[in-house]
Amino acid sequence: MIKGWKELPIGGVIIEPGSSEKYDTGEWRAWRPVFDSSKCVHCMMCWIFCPDSSILVKEEKMVGIDYDHCKGCGICAHECPTNALEMKPEYLFREED
Amino acid sequence: MIEIRWHARGGQGAVTASKILASAVIEEGKYAQSNPDYGAERSGAPLRAYNRVSEKPITLHCMVLNPDIVVIVDPTLLKAVPFLEGTDENAILVINTDKTPNEIREKYKIEGRKIYTVDATKIAMEELKRSLMNIPMLGALIKVLNGLVDIKTVEEDIKKTFGKKVSENVLSANIRALYRAYEEVKGE
Amino acid sequence: MRPELIKEVTYVPYSGNMAAAEAMRQINPDVVAAYPITPQTELMQCFADFVANGLVDSEYIPVESEHSAMSACVGAAAAGSRAMTATAGPGLAYMWEVLGIASGMRLPIVMTVVNRALSAPINIHGDQSDMMGARDQGWIMLFSENAEEQYDNLIQVIRIAEDERTRLPVMIGMDGFVISHAIERVRLLPDKAVEEFVGELKPMYSLLDVDNPVAHGAVAMTDSYMEFKRQQREAMMNAYKVIREVGKAFEEAFGKKYEHIEAYKTEDADYILVVTGSAAGTAKYVVDKLREEKGIKVGIIKIRTFRPFPYYDVMDAIEASNCKAIGILDRAETFGGASGPLFEEVATAQHLRRKYYPMTGFIYGLGGRDTNVHHIEEAIDKVMKLAAGEEVPLVNYLNLKE
Amino acid sequence: MAQIKTAEIKVPPLKKLTNYPEKLVPGHRLCAGCGASIIIRQMYMVASALGYELIIANATGCVEVCTTIYPYNAWKSPWIHNAFENAAATISGAEAAYKALKRKGKLPTDKKVKFVALGGDGGTYDIGFQSLSGALERGHDFIYVCYDNEAYMNTGIQRSSATPKYANTTTQPVGSESFGKPQTKKWMPEVVAAHGIPYVAQVAPSHWKDFMEKFKKALLTEGPSFINAFSVCPRGWRSKEEEGILVTKLAVETNYWPLFEVENGKWRITYRPKNPKPLEEFLKLQGRFKHLFKPENKHLIDELQAEVDRRWERLNRMENLTREE
């Protein structure tokens with residue numbers, strides 16, 4: 001993953017902005033926010049309070065969750081005024097090996 | 001190389017005089033050092049400053065131990081400090097005093113060495129109206145250095161050093177004091 | 001536009017501090033962040049005067065501490081600007097944490113260190129404990145013998161620091177008071193020539209490049225930290241070449257030679273003293289005196305570059321002489337070490353060549369203690385005894401009250 | 001001091017803000033439910049909407065450690081970390097470089113850039129206090145944002161001068177002889193305001209409109225601004241992750257964390273709870289105050305309530321004292 005010392009940019013500089021998107025924090029999740037778009041009024045309360053920039057918005061409409069990164073804190077569901085988001089145990093969704 | 005040691009009290013301008021001497025010598029294309037002996041002393045405390053003057057580059061970076069010339073800016077220091085320290089019989093003393101070289105020799109029982117005196121305090125009081133004896137003592141020293149550095153160069157350097165900081169009157173009083181001491185200094 | 005002050009080579013009566021400030025004026029860095037400390041204060045005041053009179057275009061930050069001085073330099077250098085500062089003794093000690101950050105982030109900051117003793121007891125005078133204490137913080141380190149060398153070195157190190165092969169910060173030491181406050185003859189170069197010599201900084205990964213945002217000072221875990229440290233070693237090895245190249249360029253431009261070391265009358269020397277800083281000048285005087293008066297053949301190796309340490313240059317000079325014994329003068333202690341830090345380096349140099357000479361160390365000049373002609377003579381006398389097979393201690397003190 | 005003309009510049013409505021790209025992207029490793037990243041996202045929402053690029057100097061701390069673990073970078077704007085105690089000095093240098101290079105014509109002139117120093121309460125109230133004070137006094141053009149989570153959370157909940165009285169921390173734990181931290185919280189905004197800088201504000205991300213209005217003012221302020229942001233730490237406070245915004249709201253509604261600003265020396269409370277809730281409601285959601293709810297410790301809660309009331313009163317007095325006649 002990390003290259004040898006001759007290949008790395010000097011000084012520990014990270015030259016790629018936003019490279020953390022490649023790092024999945026979705027694995028951390030024990031609870032999953034499940035989105036019911038029929039109940040959503042697109043008030044954006046979930047979006048403005050999400051600590052992980054994981055509420056997906058398109059053309060000013062809430063469209064879903066970035067499950068690669070959502071850590072499942074549950075703030076979105078807690079702050080949702082219309083119950084369009086509900087926290088469910090993650091194991092219900094994980095494929096079994 | 002000529003080594004010079006200045007004895008003065010803090011606030012009397014000896015460090016400035018030693019810097020002006022070095023500057024003037026360097027202006028003339030020769031080599032010089034001016035090195036104050038810094039401590040934590042404040043105004044009034046005895047202090048020493050040093051000069052080295054030479055036709056050739058100077059690489060020494062230590063205190064002057066065996067001065068060829070000792071300049072005593074404040075006459076009260078004659079009793080207070082060992083001004084002969086490190087000097088030999090050939091050393092030259094340039095002393096601010098109203099006494100003659102002979103009187104000084106007898107009073108302080110100085111053997112050998114050549115003594116010059118000048119009443120720099122009187123010159124300072126008359127010209128500068130203050131007991132700032134550094135510039136007159138520099139004038140006397142230039143005379144004793146006997147052509148090693150031109151007093152005109154020193155005059156220019158004083159103008160450069162003081163020019164921005166003091167009034168025209170004070171500056172010209174300093175220049176007068178410089179020349180008066182240069183003329184009035186007496187040797188044995 | 002700032003005025004051109006010096007149009008041709010000029011000789012001036014300057015203190016070391018004034019010479020360093022003058023070099024900074026001519027270099028005209030983008031940012032200067034500094035905190036006054038004896039004996040550096042005069043330097044900072046001179047530079048502040050240039051700022052106050054429009055003689056530099058620099059942004060000047062009168063910070064509230066040395067820690068912030070170096071921190072601001074890191075911010076400024078990461079922002080792609082040329083950043084400079086100056087400090088002394090305890091100020092350098094206070095910067096210590098950020099010194100390693102500056103070098104680890106590969107920022108070409110340039111700093112004058114007016115060498116001063118460290119407390120306690122508190123002492124404002126010259127010794128090299130400050131820089132020697134910071135000697136493994138990844139900075140290129142030079143020592144100047146006198147005011148003119150400090151001036152010349154400052155002009156050279158801008159290029160050394162900013163070279164793409166190095167990109168390392170540089171500190172240059174001059175002894176406190178003895179050099180910083182003494183007036184000497186200094187040769188100044190024309191403003192234009194200096195400007196041309198130092199050239200323009202090529203920013204790398206500038207923080208101000210908002211179109212290509214980068215992150216400086218990231219966390220490197222166990223999987224990458226060591227690689228970055230290895231890069232720093234490489235940069236320091238490159239610096240060895242770059243310092244020499246820039247020294248040659250300086251000689252071509254201005255006719256004065258600068259090498260990693262100055263070997264003074266070592267070719268035929270039976271005895272060699274290794275020394276750095278202002279005492280090298282006094283030692284040269286003693287060498288001439290002893291040769292003239294007593295026919296004793298002594299030579300001096302003056303260390304100009306301390307990091308990267310010029311092991312091969314030192315050994316080349318020793319091996320080319322008739323050396324029978326070496327004395328190493330250290331203006332810093334290594335409590336619990338064999339002798340001083342310079343002693344250790346010279347011992348390493350010998351090991352690298354598998355050539356061993358009798359050597360003895362001298363601790364001198366701590367806290368501004370005067371080291372005069374007699375003391376250097378005393379050291380040479382001990383080295384001669386060592387060469388004659390007599391027993392001489394590993395560490396000796398010059399001008400110490402026993 | 002220059003009056004800040006902010007009325008005509010408006011923060012767009014919430015929905016419009018969603019059109020700007022995120023500058024703090026996911027994949028950072030802050031805890032689930034962290035308040036700090038909410039604060040940073042809200043900062044960027046305003047900055048992006050008003051066309052500002054932020055250049056960030058981040059003090060060592062949770063945000064710094066979690067957002068730039070090599071080679072992962074959660075930032076899409078220029079970012080620098082130097083050390084724990086020197087974010088303000090670092091931004092001083094960067095801002096000075098910007099001025100110098102701009103003056104020398106070495107930078108594009110069409111960009112709106114704002115320098116931001118970002119630190120937790122450790123890097124701000126404590127170890128970074130000197131460098132912050134220096135940078136404020138020198139008047140650099142920057143915003144200092146403190147995400148105050150009331151202890152050294154990065155290293156495991158050690159007390160800071162921002163830790164409230166009687167909170168349980170690992171360096172002043174609750175024990176048979178201890179109720180937790182015996183000292184009261186340093187009131188940082190007042191200390192900062194004493195520097196006479198143009199703009200100081202206290203914010204909470206739960207009250208995001210108030211937050212954005214204040215961050216807008218800071219952006220438009222020439223010279224230093226200071227923003228003290230309430231930053232929930234579920235792990236350190238032992239509160240529920242999903243209740244982070246609730247806890248934050250209660251901090252405001254109980255007057256524990258009043259929302260106010262000091263603009264050119266004038267103090268103004270920007271939000272007045274209609275019926276302030278008892279402090280207890282804020283405390284009871286957090287495990288760090290659990291010991292206070294033993295019956296025999298009721299007097300401690302009363303004491304804390306009295307302190308909140310005293311500070312609220314003082315804030316009102318400051319407002320009256322500095323109100324324009």
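Since we're looking at a predicted model, the values are computed, not measured. Chain A is the first sequence line, chain B the second, and so forth, proteins listed ahead of strands; every chain is numbered from 1. Excluded from the calculations below are hydrogen atoms, water molecules and symmetry mates; all remaining heavy atoms, backbone and side chain alike, are included.
- Contact annotation for residues 94-112 of chain B against chain C (heavy-atom separation below 4.5 Å): no residues qualify.
- In this structure, Tyr285(C) and Met1(B) have side chains that are in contact, with non-hydrogen atoms separated by less than 4.5 Å.
- The backbone N or O of Pro57(B) lies less than 3.5 Å from no partner atom in the side chain of Arg185(C), so there is not a single donor-acceptor pair.
- Neither the backbone nor the side chain of Val286(C) comes within less than 4.5 Å of any heavy atom of chain B.
- Note on Ser23(B), Ser18(B), Gly29(B): by heavy-atom pairs under 4.5 Å with chain C, the leading option is Ser23(B).
- Between chain C and the residues Val15(B), Asn35(B), Asp157(B), the largest count of heavy-atom pairs under 4.5 Å involves Asn35(B).
- The closest side-chain heavy-atom distance from Pro13(C) to Glu27(B) is below 4.5 Å.
- Neither the backbone nor the side chain of His375(C) comes within less than 4.5 Å of any heavy atom of chain B.
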Evaluation steps, side-chain contact (heavy atoms from CB on, under 4.5 Å), between Ile26(B) and Glu184(C): CA-CA 8 Å; Ile26(B) 292 166; Glu184(C) 285 188 299; 5.6 Å; no

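- Separation of atoms CG (Asn146(C)) and CD (Gln33(B)) is listed at 9.5 Å; rounding is to 0.5 Å.
- A distance-only check finds a donor-acceptor pair linking the side chain of Thr282(C) to the backbone of His61(B) [under 3.5 Å].
- Here Ala32(B) is the residue among Pro36(B), Ala32(B), Ala24(B), Ala49(B) with the most heavy-atom pairs under 4.5 Å with chain C.
- Of the possible donor and acceptor atoms, one in the side chain of Asp370(C) sits under 3.5 Å from a partner among the backbone N and O of Met63(B).
- For Lys256(C), the NZ atom counts as densely surrounded, since its 6.0 Å shell holds more than 12 non-hydrogen atoms of other residues, nucleotides or ligands.
- Side-chain contact between Leu60(B) and Val373(C): present, with at least one pair of heavy atoms (C-beta onward) separated by less than 4.5 Å.
- For Thr371(C), the part lying under 4.5 angstrom from a heavy atom of chain B is the backbone only.
- Ile20(B) contributes atom CD1, which lies 10.0 Å from atom CD1 of Ile183(C) (distance to the nearest 0.5 angstrom).
- Atom-to-atom distance recorded for Ile376(C):CD1 and Cys62(B):SG is 8.0 Å, nearest 0.5 angstrom.
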